[in-house]
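Computed over heavy atoms, backbone and side chain alike; hydrogens, waters and symmetry mates excluded. Being a predicted model, the structure only gives us computed values, none of them experimental. Chain naming here is simple, since letters A, B, ... match the order of the sequence lines and numbering starts at 1 in each.
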Amino acid sequence: ELKVEQNPLFLSMQEGKNYTIYCNYSTTSDRLYWYRQDPGKSLESLFVLLSNGAVKQEGRLMASLDTKARLSTLHITAAVHDLSATYFCAVDMYSGGGADGLTFGKGTHLIIQP
Amino acid sequence: DAGVIQSPRHEVTEMGQEVTLRCKPISGHNSLFWYRQTMMRGLELLIYFNNNVPIDDSGMPEDRFSAKMPNASFSTLKIQPSEPRDSAVYFCAASARPPLNTIYFGEGSWLTVV
């Protein structure tokens, strides 16, 4: 059974600081997703990482994937209040016939204080 | 593109009643997923379809749950009879064939069973 573990699960940080969210998964996969969810809202796709060593950046967020270590990171640079949300990583057990569905981590609830 | 469209957005029903949730995926996105989100269990994959065919329904919690996709533009998730523990947010999501791979979520159907 695929397990996806995120840490930390809760994070309170100050504006302007840097921090990293970690996502470990238990079986081989080269497809990893990061989503953002605001309270009462849907999931917004942030990044899709499709190969070992993949790095993607959007604004103050940067995601990377190490398939050998089964580890992805989401790095936040100079945090601002608007980034407060819950961040999920998810792993896709793609088998070549189309997406197989995502297994999600429990999410990291991020609060950024002024 | 209007994205993944779900209805109803909110439903409150009495225990024992039948509930039908509906989803219209993005045109041309051939994989469709139903997820359930609760505080206790997080995001769980219930079932997914490829090209309208159910591929894996192992996440469907009980026989009370059923899902259909009669054509490429419509899917339903039915709960009969509903129970209070079914209260959750139910998300429909869709993706196109690789290499695009972004999985888009609908706004969710918020179900409360009393």
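Asp92(A) contributes atom CG, which lies 9.0 Å from atom OG of Ser31(B) (distance to the nearest 0.5 angstrom). Rounding to the nearest 0.5 Å places NZ of Lys106(A) at 9.0 Å from CZ of Arg41(B). Expressed to the nearest 0.5 Å, how far CD of Gln37(B) lies from CZ of Phe88(A) amounts to 5.0 Å.
Other residues, nucleotides and ligands contribute more than 12 heavy atoms inside 6.0 Å of the CG atom of Asn71(B). Atom OH of Tyr104(B) has 12 or fewer neighbouring heavy atoms from other residues, nucleotides or ligands inside a 6.0 Å radius. Enclosure of atom CD in Glu62(B) by more than 12 non-hydrogen atoms of other residues, nucleotides or ligands within 6.0 angstrom is indicated. Sparse packing is recorded around CD of Glu5(A), with 12 or fewer heavy atoms of other residues, nucleotides or ligands lying under 6.0 Å away. More than 12 heavy atoms of other residues, nucleotides or ligands shown are found within 6.0 angstrom of CZ on Phe74(B).
Using modelled atom types, no side-chain atom of Ser45(A) and backbone atom of Thr102(B) make a donor-acceptor pair closer than 3.5 Å. Remark: side-chain polar atoms of Tyr35(B) are paired, donor with acceptor, to backbone N or O of Leu102(A) under 3.5 angstrom.
Side-chain heavy atoms closer than 4.5 Å link hydrophobic residues (I, L, V, M, F, W, Y) into clusters, and following such links, even through other members, never connects Ile21(A) to Leu9(A). In the hydrophobic clustering of this structure, Val80(A) groups with Leu11(A); members are Ile, Leu, Val, Met, Phe, Trp, Tyr whose side-chain heavy atoms approach within less than 4.5 Å, directly or through other members.
The minimum heavy-atom distance linking Phe105(B) with Ser42(A) is given by the pair CB-OG, 3.4 Å. Pairing each heavy atom of Phe91(B) with each of Lys41(A), the nearest pair is CZ-O, 4.0 Å.
Residue with the most contacts toward chain A among Gly106(B), Gly42(B), Gly59(B): Gly106(B) (heavy-atom pairs, distance under 4.5 Å).
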Derivation of the side chain to side chain contact (heavy atoms under 4.5 Å, CB included) call for Tyr35(A) and Ile103(B): CA-CA 10 Å; Tyr35(A) 284 87; Ile103(B) 300 176; 3.3 Å; yes

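Interface remark: Glu44(B) contributes no atoms to any contact with chain A (heavy atom separation under 4.5 Å).
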